[in-house]
Amino acid sequence: MHQKLRRRIVAPILLLVLFIVVSMWLYVGRSGCDMVCVRQGIVISGVIAAGLAFLLAHLLSQRLNRPLQDLIALANQIRDGQRYNHIIAGQSDEMGQLVHAFNQMAEQLDARLTTLTQEQQLLALVLNQMGDGLLFADSSGKITLINPAAARILNTQEALIIGRSVAEAVRHHELIDLWHRCRQTGQEQSMAVEVGTDLFLQAVITPFKDDDASGYLLILQDLTHIRHLQTIRRDFISNISHELRTPLASLRAVVETLRDGALDDPPAAARFLERAELEVDTLTQMVEELLELSRIESGQVPLKLARTAVPDLFFDPMERLQPQAARSEIELVLNLPSGLPLVLADAARVQQVIANLLHNAIKFSSSGDFITVGAELVDGETAVRFSVEDHGIGITAADLPRIFERFYKSDRARTRSRGGTGLGLAIARHIVQAHNGRIWAISKEGKGSTFYFTLPVA
Ligand code: ADP
């Protein structure tokens with residue numbers, strides 16, 4: 001027992017003993033005290049000493065009891081995860097020191113709990129925000145944790161997966177094989193997997209083992225977008241080769257025909273030269289459009305944005321394309337409401353968009369048709385919507401979502417005779433998007449198409 005506490009208990013006992021001895025001595029020391037008197041002395045001193053001992057014990061237990069009860073209450077608060085209150089240590093004795101130590105322990109516990117909670121929140125944030133799917137499985141293969149990205153990739157809900165086996169969670173034979181391989185070898189395994197028709201994943205399964213836990217970590221990276229980009233690039237190269245091959249083959253045929261004797265027939269030679277010129281024009285246009293597209297895509301041509309009147313954007317392309325429309329006996333109609341606000345635009349670029357749309361409208365219309373171009377205020381007067389409406393061959397529902405892709409030409413047989421590189425709309429889309437606008441089309445096969453794009457009001 002500690003020195004101080006011992007002193008505190010021993011001192012009253014010694015006092016009591018002293019009291020008994022002194023009172024006995026006084027009582028018995030009187031003259032004429034016989035045996036009866038001695039016995040009486042012992043009894044009286046004993047009774048008084050017992051009373052005093054009881055009083056002392058009561059006071060002492062009171063003194064010890066209160067801080068003890070406080071300690072019990074504090075321990076209960078900590079156990080229940082409540083915020084705790086400091087106990088006031090009123091004494092400087094052992095009990096005071098115990099209270100002080102307990103307060104310190106509670107404080108440290110609280111600080112550790114706060115750090116742990118913060119770390120947990122940070123981890124949850126990372127898991128929730130990360131684009132890659134992540135699953136933890138314990139050593140028996142039961143899923144213990146799954147993040148929202150993994151639930152999205154596996155097309156399930158987090159709550160349904162916890163506690164299930166990896167095979168039940170991933171539901172894909174190649175992923176299940178990968179998982180079995182990882183279990184058997186105890187080595188990290190990875191592979192690229194195609195799930196369904198539109199999901200391309202890179203899956204990595206890593207076993208882990210430390211003092212506290214062991215299990216498996218599954219990472220699912222959604223590479224669909226990258227794969228899509230790769231496909232676009234591959235298609236782009238194959239498209240460009242295809243588009244170059246036709247005019248080049250035609251040029252070669254012309255040259256061979258001329259060399260094989262057509263040169264000696266001046267009218268035929270002139271016809272062939274005309275055809276060669278046409279093919280060279282097509283090639284030149286394609287190269288120019290490709291250069292333009294790559295310049296726009298790489299952001300090499302910064303927009304020269306200025307407050308521009310809407311009619312100014314129409315006049316130049318309409319004037320340029322009027323002769324072509326007239327040749328095909330197509331009427332161009334401009335339908336502009338008065339009082340349109342100025343728009344924020346790079347005029348030359350937007351004129352190019354309108355020219356591309358108008359050029360297509362003429363190309364895909366028949367003689368006698370008319371084309372209406374116009375603009376109106378939309379989106380709560382924050383944007384102007386431009387439109388080019390024709391009554392030509394229209395676009396099929398299957399082609400419509402793809403016409404803004406590079407080199408896309410709907411139904412090649414139908415459109416071949418009309419020429420074109422399939423780049424015009426891709427360029428238009430880039431220009432409009434660089435203006436923070438949108439471009440889209442509605443169309444009905446055989447009835448005609450309307451192309452729209454918006455520009456923000458200045
Ligand atoms: P192109 O130089 O071939 O016209 P675009 O990118 O301008 O290339 O157009 C892509 C394809 O979209 C065209 O080949 C055509 O099939 C379709 N298209 C575009 N505009 C129209 C239209 N007004 N009417 C019908 N089809 C159109």
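When a residue number appears, it is its place in the shown sequence, counting from 1.
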Report task. Establish, from distance only, whether the side-chain atoms of D379 and T382 form a donor-acceptor pair under 3.5 Å. Result -> no
Query raised in the report: Any side-chain heavy atom of V432 within less than 4.5 Å of one from F386?
Result: no
Query - Taking every non-hydrogen atom, the tightest pair across V310 and A375 - result: CG1-CB, 3.8 Å
Query raised in the report: Applying side-chain hydrogen bond (donor to acceptor under 3.5 Å, both in side chains), which residue pairs with at least one partner in residues 262-278 are found, sequence neighbours left out?
Result: S250-R275
Query - Lys/Arg N to Asp/Glu carboxylate O, E279 vs R252, below 4.0 Å - result: no
**Report entry** Identified side chain to side chain contact (heavy atoms under 4.5 Å, CB included) partner of L313 from the options V353, V384, T308
**Finding:** T308
Report task. Report the distance from atom CG of L223 to atom CG of L229, rounding to the nearest 0.5 Å. Result -> 11.0 Å
Query - Atom pair CG/CG of L123 and L127 - distance to nearest 0.5 Å - result: 4.5 Å
Report task. For A345 and L455, work out which heavy atoms get closest and say how close. Result -> CB-CD1, 4.0 Å
Query - Pairwise distance CG(D222) to CG(L201) - rounded to 0.5 angstrom - result: 6.0 Å
Query raised in the report: Got a second to check how far I362's CD1 is from S328's OG, nearest 0.5 Å?
Result: 7.0 Å
Query - L135 and its side chain to side chain contact (heavy atoms under 4.5 Å, CB included) partner, picked from I205, L154, I162 - result: L154
Query raised in the report: Counting only heavy atoms not in R385, do more than 12 sit closer than 6.0 Å to its CZ atom?
Result: yes
Report task. Kindly give the heavy-atom pair with the smallest separation between I431 and V350, and that separation in Å. Result -> CG2-N, 4.5 Å
Query raised in the report: For the atom pair CZ (F453) and CH2 (W440), what is the distance rounded to the nearest 0.5 Å?
Result: 10.0 Å
Query raised in the report: Where do L425 and F404 come nearest, in terms of heavy atoms and distance?
Result: O-CD2, 3.7 Å
Query raised in the report: Near R295 CZ, under 6.0 Å, is it more than 12 heavy atoms from other residues, nucleotides or ligands?
Result: yes
Query - Distance in Å, T396 OG1 paired with R402 CZ, rounded so as to fall on 0.5 Å steps - result: 11.0 Å
Report task. Identify the residue among Q189, Q187, E188, R183 that makes a side-chain hydrogen bond (donor to acceptor under 3.5 Å, both in side chains) with T185. Result -> Q189
Query raised in the report: In terms of side-chain geometry, is the basic nitrogen of D177 or R181 positioned less than 4.0 Å from the acidic oxygen of its partner?
Result: no
Query - Nearest heavy atoms of R227 and F200, plus distance in Å - result: NH1-CE1, 3.3 Å
**Report entry** Smallest separation among heavy atoms of L358 and P317, with atom names
**Finding:** CD2-O, 4.1 Å
